[in-house]
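Heads up, the thing below is written out as structure tokens.
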Amino acid sequence: MASPAIPSAIPPAATKDLIKGIAPDAVSTPVPDAVSTPEMSSTAPAPGGLIVLAGPSGVGKGTLLTRLLQTHPEMTVSVSATTRQPRTGEVEGEHYFFRTRAQFEAMVQAGDLLEWAEFAGNCYGTPKAPIESAIAKGRQVILEIELLGARQVRESFPEAKQIFILPPDVETLEARIRSRGQDSEAAIEKRLKQAKVELAAADEFDLKIVNDNLEAALAKLTAAILD
Ligand code: 5GP
């Protein structure tokens with residue numbers, strides 16, 4: 001559930017206008033307006049678009065996207081802001097923009113986030129400016145987000161393709177969440193509880209892909225995005 005301390009996300013209509021470049025009023029920039037993909041070399045960029053990749057924590061969304069970018073560096077994966085503490089090996093600006101709760105609230109207040117939600121006790125949100133910039137350059141932008149954020153994007157940007165990654169079964173998912181070894185037992189319990197909520201919502205999505213085999217799931221994801 002969203003924290004009551006933080007005002008609700010920007011109205012869907014305003015978000016859509018911003019994405020389409022109709023109402024680019026100056027907004028404060030919470031994070032560097034940069035993404036980690038190279039410039040496209042084509043002279044006439046294809047129209048950019050948004051793709052939402054959702055699915056329970058531990059299902060392998062991050063691994064799939066890392067692999068996807070290796071073969072499709074022209075795609076952009078949005079870097080989210082979060083109040084979560086960095087895990088070992090996570091790099092500021094690469095995996096997340098790590099922010100304090102107060103800094104995150106300021107970003108929400110300023111309308112700097114395309115969507116945001118609270119997940120397992122921390123806030124996560126998609127910085128809007130880098131998305132607008134990448135779409136304006138004709139790029140496909142992928143958001144790797146949880147269920148509530150996916151629902152917000154469905155309202156504000158119904159054209160976005162929404163893809164849900166499923167685990168082969170709940171036991172495998174639990175084992176994957178635990179094998180990460182960096183979350184407290186309390187955090188793991190919250191993630192497992194939330195995973196069941198998310199799995200129950202899988203039918204809301206345009207496409208479901210079971211990640212029982214990484215290569216097969218990657219092939220399906222790539223085909224769905226390029227479709
Ligand atoms: P983790 O803490 O494991 O990195 O992420 C927890 C959950 O937050 C994952 O399901 C991930 O997809 C989701 N998440 C990451 N970034 C965002 C974001 O910008 N917005 C929303 N709504 N969820 C996000």
Side-chain angles (χ1 to χ4, degrees), residues 1-3 6 8-10 12 15 30-31 35 50-66 68 76-99 101 103-105 107-108 111-132 134 141-157 160 162-167 173-174 176-184 186-202 204-205 209 211 221:
M1 283 292 289
S3 163
I6 302 178
S8 62
I10 53 174
T15 309
V31 294
V35 286
L50 265 190
I51 290 149
V52 170
L53 189 67
S57 171
V59 80
K61 292 169 288 181
T63 306
L64 283 166
L65 287 181
T66 301
L68 180 77
T76 296
V77 177
S78 166
V79 179
S80 299
T82 184
T83 61
R84 169 166 78 60
Q85 290 297 310
R87 295 187 181 121
T88 306
E90 285 186 330
V91 177
E92 163 71 17
E94 188 181 318
H95 296 94
Y96 279 108
F97 296 105
F98 295 100
R99 296 292 182 258
R101 192 102 184 177
Q103 288 170 331
F104 194 95
E105 287 179 13
M107 289 166 70
V108 174
D112 288 341
L113 300 179
L114 179 67
E115 60 72 37
W116 70 274
E118 191 159 342
F119 178 92
N122 287 298
C123 293
Y124 297 80
T126 303
K128 200 190 299 174
I131 305 284
E132 291 172 346
V141 181
I142 305 170
L143 310 184
E144 191 239 288
I145 58 178
E146 53 65 69
L147 180 61
L148 298 179
R151 285 179 177 156
Q152 289 171 43
V153 176
R154 202 173 295 147
E155 288 293 312
S156 61
F157 200 73
Q162 296 236 350
I163 303 171
F164 192 89
I165 307 295
L166 285 160
L173 185 70
E174 177 163 357
R176 283 188 193 159
I177 291 176
R178 290 189 180 282
S179 72
R180 229 170 1 207
Q182 290 191 35
D183 296 320
S184 66
I188 288 171
E189 289 303 323
K190 278 187 196 168
R191 282 166 188 265
L192 287 171
K193 199 172 159 208
Q194 186 58 28
K196 286 174 188 154
V197 173
E198 300 218 355
L199 289 173
E204 294 178 13
F205 288 77
I209 297 173
N211 188 14
L221 179 64

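Atoms within each ligand, like the ligands themselves, are counted from 1 in listed order. What you see is a predicted model, and the numbers here were worked out from it, not measured in a lab. Position 1 is the first residue of the sequence; numbering continues from there.
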Proximal ligand 1 atoms for [X], defined as those under 4.0 Å from one of its heavy atoms:
X: R87; answer: 1 (P), 2 (O), 3 (O), 4 (O)
X: T126; answer: 19 (O)
X: R84; answer: 1 (P), 2 (O), 4 (O)
X: R191; answer: 1 (P), 2 (O), 3 (O), 6 (C)
X: G149; answer: 22 (N)
X: K61; answer: 9 (C), 10 (O), 11 (C), 12 (O)
X: E144; answer: 11 (C), 12 (O), 14 (N), 15 (C), 16 (N), 17 (C), 24 (C)
X: G125; answer: 18 (C), 19 (O), 20 (N)

Please report whether ligand 1 has a polar contact with [X], defined as an N or O pair separated by less than 3.5 Å (distance criterion only).
X: A81; result: no
X: W116; result: no
X: E90; result: no

The option among S78, G55, S80 carrying the non-hydrogen atom nearest to atom 16 (N) of ligand 1 is S80
Spell out, as yes or no, whether a donor-acceptor pair under 3.5 Å connects the side chain of [X] to the backbone of [Y].
X: K61; Y: L53; value: no
X: N211; Y: V59; value: yes
X: E115; Y: A150; value: no

Just let me know how [X] lines up against ligand 1, side chain, backbone, both or neither, with a heavy-atom cut-off below 4.0 Å.
X: Q152; answer: neither
X: F119; answer: side chain
X: E198; answer: neither

From CD (E144) to OG1 (T66), nearest 0.5 Å: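 Reported to 0.5 Å precision, the distance equals 9.0 Å.
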#### Entry: Ion pair E132/K128, N-O distance below 4.0 Å
no
**Asked** Do E189 and R178 meet the salt-bridge criterion of a basic N to acidic O distance under 4.0 Å?
**Response**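 Yes, R178 and E189 are salt-bridged.
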Nearest heavy-atom pair of V108 and W116: which atoms, and what distance?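 V108 and W116 have their closest heavy atoms at CG1-NE1, 3.6 Å.
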How close do P56 and L199 get, heavy atom to heavy atom, and via which atoms?
->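 Heavy-atom minimum between the residues: CG-CD2, 3.7 Å.
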Students should be able to answer this: which protein heavy-atom is nearest to [atom], and at what distance?
atom: atom 23 (N) of ligand 1; value: E146 N, 3.1 Å
atom: atom 4 (O) of ligand 1; value: Y96 OH, 2.5 Å
atom: atom 20 (N) of ligand 1; value: E115 OE2, 2.7 Å

Checklist entry - R191 and E146: salt bridge (charged side-chain N to carboxylate O under 4.0 Å, His left out), yes or no, with the steps? => result CA-CA 11 Å; R191 282 166 188 265; E146 53 65 69; over 6 Å; no
Among residues at least two apart in sequence or on other chains, which ones pass side chain to side chain contact (heavy atoms under 4.5 Å, CB included) with S184?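 Here the qualifying residues are A186, A187.
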Give the table of side-chain donor-acceptor pairs shorter than 3.5 Å for residues 83-91, with sequence neighbours excluded, one pair per line with atom names and distance.
unit_1 : atom_1 : unit_2 : atom_2 : d
T83    : OG1    : N122   : OD1    : 3.3
T83    : OG1    : C123   : N      : 2.8
R84    : NE     : Y124   : OH     : 3.4
R84    : NH1    : E90    : OE1    : 2.9
R84    : NH2    : E90    : OE1    : 3.4
R84    : NH2    : E90    : OE2    : 3.0
R87    : NE     : D183   : OD1    : 3.4
R87    : NH2    : D183   : OD2    : 3.4
E90    : OE1    : R87    : N      : 2.7

